[in-house]
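The structure appears right after this line, and notes come after that.
Every number for a ligand or one of its atoms is a count from 1 in the order of the listing.
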Amino acid sequence: MLLIIDFGSQVTQLIARRVRELNVYCEIISWENDLLKNIEQLKPVALILSGGPESTSSDNSPTIPREIFDLKIPILGICYGHQLLCKLMGGKVQKQSKREFGRTLITKTIEQKSPLLNGLFKKGFEKVWMSHGDAVSQLPKNFVSLAKSDSSDFAIVGDFKNKFFGVQFHPEVFHTKNGSLLFKNFLKIANIKPNWTASKITEDIIYKLKNKIGEEKVLCALSGGVDSSVTALLLNKAIGSNLTCIFVDNGLLRKNEPAQITKLFKKHYKIKLISINAKNLFLRRLKGISEPEKKRKIIGKTFIEVFESQSEKLKGIKYLAQGTLYPDVIESISIHGKSSHTIKSHHNVGGLPKNMNLKLVEPLRALFKDEVRKIGVNLGLDKTFIQRHPFPGPGLAIRCPGVISNKRLKLLREVDNIFVSQLIKYKLYNKIWQALAIILPVKSVGVMGDARTHEYACILRAVNSTDGMTADFFYFSKAFLSETSNKIINEIEGVNRVLFDITSKPPGTIEWE
Ligand code: XMP
């Protein structure tokens, strides 16, 4: 495995994504942890030092123990990590008179071939993404410059003997055109075999699940999304009949969803599945509640209550399995080791009660969504489930701003159904990361035939994203928008206005609440 030491960069997750895309397993660890102990335990074969918001010259700036350099593990430093590497190895870092932000051209400064630059600089330059105020001003002994920019002579540097490299730019971001190639070259230099493939991951998880669970019984919370579906299939392979899945209809699901999910898992996969109709319980608890965080907390708590009461009935259940992913877990790692600002309580991480009777098992905790989808393919999960857009745990409750009513939920289901059918008809569903409809608690005046209408307004939202952390709205054609809007208003009695949400994330979030 490769270990990424995080100094608090906004894009550390992207380093992990790039490395995993190259089929190499990696994990992120904060610089504040006991690094020497963790390195001894995890035995990484290479290290990447991330960027970060601090300056290496500030008091108490993030650092790493010098002993790490004696371990003879290849290192790639990025931005802050590059400056820290150079400084700790005896070089100098200074504040730059001209800061470098955004797209920058760098050129090669070394004549001979270097394995780190294989396939790069084909046109004599590389387009990279910079974001720094400090820069390396003097190289440590044994380091040479491999590339420079207008404002820095040390855009790429290396100590070939020790296999220590540093880059001032961010190879992990999309805007650095050949960033992946640079990572690939580094992994090759570090002699890492790209063996983190879907079938290897699947085998590995099943093996670990078998070891962890043994003969115990597991209840798996199944929502029908790709994460929980893959979790269920992995457990099915690992522990067979000791697995029971539980699907809770909380009254906040989309049209026909409960039937589709029960059919697939019960009939197709022959997995033991209990379907619970808890619509009244959830809707009763949400009555009169309009504050989004309160809604989320109530839903999270009620889910766990239902799971626990079912597990008591089933007797002997020790574990609750859920499809938590890596981004949910590392979102809570910040540079100061405290959890980051709570924007929303994602119910399967932040919303769990402190003293649960069931132990958690989360086989996807180290994975990104694209990896989960690949495992799903590997396990033969139905295509329609693999390609499903993400759907939040709190369901339609957070797409129904204000106090939830049965009437508005019903209208929302119909709007969502027409929107999705239109996306499929226009072959757009798989080009969009997530599409959703929202029903406002607001009525507007309209005219249909010759009569006045006073009905609800709904919103369509479609975004593209890689991991849900940032997103931009999808640009529909006028033909699509006008046909969809007409269909919604003509076919759904109770909605007379359709709006389209053009907010990106940030500043918006994907869901409305
Ligand atoms: P936001 O609205 O925070 O959403 O931009 C980012 C992604 O996360 C999904 N989401 C959730 N998923 N439980 C989940 O399982 C939750 O509580 C939750 N809240 C938001 C959202 O649909 C989007 O894909």
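Electrostatic pairing of Lys410 and Glu414 does not count as a salt bridge here, judged by no charged N lying under 4.0 Å from a carboxylate O. The pair Glu216-Lys359 does not count as a salt bridge, with every side-chain nitrogen at least 4.0 angstrom from each carboxylate oxygen.
Of the heavy atoms in Pro390, only side-chain atoms (C-beta onward) come closer than 4.0 Å to ligand 1.
Remark: ligand 1 atoms within the under-4.0 Å shell around heavy atoms of Thr509 are 1 (P), 2 (O), 5 (O). Remark: ligand 1 atoms within the under-4.0 Å shell around heavy atoms of Lys505 are 1 (P), 3 (O), 5 (O), 6 (C). Each of the following atoms of ligand 1 lies closer than 4.0 Å to a heavy atom of Pro394: 13 (N), 16 (C), 17 (O).
Nearest approach of Leu209 to Ala238, heavy atoms of both residues: CB-CB, 3.7 Å.
In this structure, Arg388 satisfies the cation-pi test against Phe385, with its NZ or CZ atom closer than 6.0 Å to the six-membered ring centre and inside 45 degrees of the ring normal.
In this structure, Phe419 and Phe480 have tilted ring planes: the angle between them lies in the 30° to 60° band.
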* **side chain to side chain contact (heavy atoms under 4.5 Å, CB included) between Glu172 and Phe183, intermediate numbers included** => CA-CA 8 Å; Glu172 68 274 33; Phe183 282 119; 4.1 Å; yes
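Residue contacts with ligand 1 include Trp433, since one or more of its heavy atoms lies under 4.0 Å from the ligand. Ligand 1 lies within reach of Arg296, whose nearest heavy atom is under 4.0 Å from it.
Taking only non-hydrogen atoms, the option from Lys369, Glu513, Glu511, Gln434 nearest to atom 23 (C) of ligand 1 is Gln434.
On a distance-only criterion, Gly393 and ligand 1 share at least one N/O pair closer than 3.5 Å. Here's the thing with Ile510: one of its N/O atoms is less than 3.5 angstrom from an N/O atom of ligand 1.
Identified under the side chain to side chain donor-acceptor pair (under 3.5 Å) test for residues 233-252, with sequence neighbours left out: none.
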